[in-house]
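For reference, the structure is listed below as structure tokens.
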Amino acid sequence: EFLMADYDNRVVRGAMAGVASVDAGLRAHMLRVYNYMVGALALTGVVAWATANSPLMSVLYRQVATQGSVALQPTIVGWVVLLAPLALVFFLGFRITQMSYSAAQATFWGYAALVGASLASIFVAYTGASIASTFFVTAATFGVMSLWGYTTGRDLTGFGSFLGMGVIGLIIAMLVNMFFQSPAVNFMVSILGVLIFTGLTAYDTQKIKNYYYAGDDGEMAGKKAIMGALSLYLDFLNIFLFLLRFMGNRR
């Protein structure tokens with residue numbers, strides 16, 4: 001009986017140690033994901049600010065007078081910079097399994113820098129104080145939803161599929177409104193954009209958590225961290241940009 005009890009205790013202790021090891025590995029993985037995301041956001045912000053306050057701004061945009069105000073319109077180079085991040089994010093998404101970890105890192109940081117250059121115009125269009133306040137509101141919203149996505153026991157897979165369809169509808173509505181320029185449609189798109197990407201923050205966080213596997217080698221674990229960070233980076237950035245339409249004070 002003593003031997004059986006000792007055996008049972010060792011089995012229980014071994015199982016608990018295994019769970020603790022997985023939990024520690026998962027926490028380290030999530031921390032790595034968030035570090036990548038925060039680093040990318042910081043790089044995007046620095047590049048955007050530096051571009052807006054440099055001669056490069058006149059290469060990317062030209063000022064056009066419209067109905068008593070001045071608008072910024074992209075030059076040919078500006079359009080290249082605006083579209084390059086889209087091409088790069090698709091390239092990273094489709095090719096990351098064939099890429100080395102170092103190449104995936106370089107592509108990820110290059111993408112974040114290009115997004116920064118493409119967003120330089122917001123530092124010209126909006127006041128610095130409104131950009132900062134919108135950023136902090138976005139950070140608080142993102143933090144709450146990401147924490148909920150990490151801790152909830154509810155399966156968000158169906159929720160994420162629904163929101164994915166919402167993103168497609170959002171893109172179509174934005175493209176159509178480029179021709180009609182309806183303030184009402186623009187307002188609704190902004191509201192829906194905030195709601196959709198706030199929900200996707202929780203979904204993506206849970207997906208990153210579920211995709212973690214303790215047996216991954218360093219290369220695979222690093223690539224998973226990069227792709228997870230990219231998803232959360234896009235969620236954060238879209239919440240910020242849609243909120244800026246409401247909270248931003250134009251110059």
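Because the structure is a prediction, the values reported are computed rather than measured. Because only heavy atoms are used, hydrogens play no part in the values below, and waters and symmetry mates are left out as well, while side chains stay in.
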Within one Ile-Leu-Val-Met-Phe-Trp-Tyr cluster: Leu195 and Phe159, side-chain cutoff 4.5 Å: yes
Pairwise distance CD1(Ile196) to OG1(Thr201) - rounded to 0.5 angstrom: 12.0 Å
Within-4.5 Å side-chain heavy-atom neighbours: Leu237 and Leu119: yes
Parallel, tilted or perpendicular: rings of Trp109 and Tyr36 (30°, 60°): tilted
Min side-chain heavy-atom separation Met220-Tyr213 under 4.5 Å: no
Co-membership, hydrophobic cluster, residues Val176 and Ile168, 4.5 Å side-chain: yes
Main-chain N/O of Ala112 paired to Thr44 side chain as donor or acceptor, under 3.5 Å: yes
Value rounded to 0.5 Å, distance of CE in Met174 from OG in Ser190: 8.0 Å
Spacing of CG belonging to Asp204 relative to CG belonging to Leu230, to within rounding of 0.5 Å: 9.5 Å
Derivation of the side chain to side chain contact (heavy atoms under 4.5 Å, CB included) call for Leu232 and Ile208: CA-CA 9 Å; Leu232 295 181; Ile208 294 166; 3.8 Å; yes
Pairwise distance OG(Ser146) to NZ(Lys209) - rounded to 0.5 angstrom: 11.0 Å
Whether over 12 other heavy atoms sit under 6.0 Å from Tyr34 OH: yes
Gap separating the CD1 atom of Ile239 from the CG atom of Leu244, nearest 0.5 angstrom: 13.5 Å
Shared hydrophobic cluster for Leu31 and Leu147 (ILVMFWY, side-chain gaps under 4.5 Å): no
Ile131 and Trp49: CA distance, side-chain angles, deciding distance, side chain to side chain contact (heavy atoms under 4.5 Å, CB included) verdict: CA-CA 11 Å; Ile131 291 173; Trp49 180 86; over 6 Å; no
Check: Asp216 and Lys223 side chains under 4.5 Å, non-hydrogen atoms: no
Side-chain heavy-atom pair Gln105, Ser100 within 4.5 angstrom cut-off: no
Minimum heavy-atom distance Phe242-Leu170, with the two atoms named: CZ-CD2, 3.8 Å
Validation row: Tyr126, Thr134 side chains within 4.5 angstrom (heavy atoms): no
Closest approach of Ala113 to Val47 (non-hydrogen atoms, all atoms of both residues): O-CG1, 3.3 Å
Phe91 with Met227, same ILVMFWY side-chain cluster at under 4.5 Å: yes
Side chain Thr152, main chain Gly149, donor-acceptor under 3.5 Å: no
Distance, nearest 0.5 Å, that separates CE of Met37 from CZ of Phe142: 4.0 Å
Minimum side-chain heavy-atom gap Phe236-Thr138 below 4.5 Å: yes
Residue pair Ile226, Tyr101: steps toward the side chain to side chain contact (heavy atoms under 4.5 Å, CB included) verdict: CA-CA 9 Å; Ile226 288 174; Tyr101 176 43; 3.6 Å; yes
Heavy atoms from other residues, nucleotides or ligands near CZ of Phe187 exceed 12 (cutoff 6.0 Å): no
Thr141-Thr198 side chain donor-acceptor pair, cut-off 3.5 Å: no
Student check: side-chain heavy atoms of Val137 and Phe246 closer than 4.5 Å: no
Smallest separation among heavy atoms of Val81 and Pro85, with atom names: O-CD, 2.9 Å
Neighbour count >12 (heavy atoms, 6.0 Å) for atom CD1, Ile76: no
Heavy-atom side-chain proximity of Val115 to Tyr233 below 4.5 angstrom: yes
Closest heavy-atom pair and its distance - Met57, Ala120: SD-CB, 3.9 Å
Minimum-distance pair of heavy atoms, taken over all atoms of Gly199 and Leu163: C-CD1, 3.4 Å
Output field: ring centroids Tyr203/Phe197 closer than 6.0 Å: no
Steps toward side chain to side chain contact (heavy atoms under 4.5 Å, CB included) verdict (Asn238, Leu200): CA-CA 11 Å; Asn238 279 288; Leu200 280 173; over 6 Å; no
Nearest atoms (heavy-atom pairs only) where Ala202 meets Trp148: CB-CE3, 3.5 Å
Verify same cluster id: Leu175, Val189 (apolar side-chain graph, 4.5 Å): yes
